[in-house]
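Report on the following structure.
Counting starts at 1 for both ligands and their atoms, in listed order.
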Amino acid sequence: MTDNQIRNINQLLKSYTIKERLAWAWDQFPNQLVMTSSFQTQSVSLLHMVAEAIPQLPVLFLDTGFHFPETLAFRDALKEKYQLNIINLRTELGHQQFKNTYGNLYLSDPDLCCHINKTNPLQKKLDEYSAWITGVRADQTKERGEMQFFSIEENGRAKICPMLDWTSKDLWTFHNKQDLLEHPLFTSGYMSVGCAPCTRPVNAGEDERSGRWADNCKTECGIHTNPNKNEIDKS
Ligand code: SF4
């Protein structure tokens with residue numbers, strides 16, 4: 001696909017609603033499309049629209065073994081509500097063996113911990129598909145602000161970001177209007193929820209993602225920033 005073709009697709013997608021973007025993606029990649037979800041409050045709007053537009057879409061969840069029990073319960077509640085086709089992904093090593101081998105790797109080397117528990121299992125699964133959908137928004141991080149609605153990764157896989165131009169305000173307006181479910185920790189200040197050791201609640205006025213890896217400069221787990229990293233998985 002040429003740069004010009006990609007540019008034209010992005011212009012087209014820009015004119016579409018999110019549900020139209022989802023329908024377009026399935027039309028382009030029937031049975032070769034998948035999405036990822038972290039099953040937090042901010043994930044629900046896209047899951048809601050996916051359930052309406054492409055209910056058969058597989059939804060990948062990175063089950064790192066470090067999630068809050070509330071996140072797993074929320075995942076199960078959303079699966080039940082929307083009849084989602086969820087696929088849980090784990091490191092081949094298994095969580096207990098990972099902990100026996102690496103201990104608290106999230107403290108000493110969170111990038112490697114994310115690589116083993118998130119990026120590597122995800123990339124292995126994505127190899128079965130031609131395209132994936134993610135719910136990132138441009139206003140979330142600097143890296144996400146440079147993404148496009150449609151792009152081709154170095155490995156040739158298409159990446160589609162149907163919510164890229166939604167702001168935080170857009171998301172919460174939709175969420176409240178549709179009266180969507182909330183993650184059980186949301187009212188305790190968890191505006192963005194990842195693994196328990198790497199997430200804290202945010203205070204009023206703080207950025208929504210400021211509670212993620214709050215003790216270091218890490219802002220991304222790596223699935224959106226280094227999907228082609230050819231690092232040996234020590235698992
Ligand atoms: S978010 Fe934290 S616990 Fe989860 S995989 Fe990354 S470093 Fe490990």
What atoms of ligand 1 come within less than 4.0 Å of a heavy atom belonging to [X]?
X      : value
Cys113 : 5 (S), 7 (S), 8 (Fe)
Pro110 : 7 (S)
Phe66  : 3 (S)

Query raised in the report: Between Ser168 and Asp139, which heavy-atom pair has the shortest distance, and what is it?
Result: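 In terms of heavy atoms, the two residues are closest at N-OD2, 2.8 Å.
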Query raised in the report: Taking all non-hydrogen atoms of both residues, which atom of Met1 and which atom of Ile9 are closest, and how far apart?
Result: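 Taking Met1 first and Ile9 second, the nearest heavy atoms are SD-CD1, 3.8 Å.
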Query raised in the report: Any sub-3.5 Å donor-acceptor pair from Asn120's side-chain atoms to Ile116's backbone N or O?
Result: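 Checked: no pair found.
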Query raised in the report: Checking His67 side chain against Val193 main chain: does a donor-acceptor pair fall under 3.5 Å?
Result: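 Flag not set: sc His67 to bb Val193 has no pair under 3.5 Å.
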Query raised in the report: Is Cys114 close enough to atom 6 (Fe) of ligand 1 to have an N, O or S atom under 2.8 Å?
Result: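 True for Cys114.
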Query - Contact flag Cys195/atom 4 (Fe) of ligand 1, N/O/S atoms, threshold under 2.8 Å - result: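 Cys195 does place an N, O or S atom closer than 2.8 Å to atom 4 (Fe) of ligand 1.
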**Report entry** Pair listing, ring pair (Phe, Tyr, Trp, His ring centres under 6.0 Å) test, anchored in residues 69-91, at least two apart
**Finding:**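 Sorted result for residues 69-91: His48-Tyr82, Phe74-His183.
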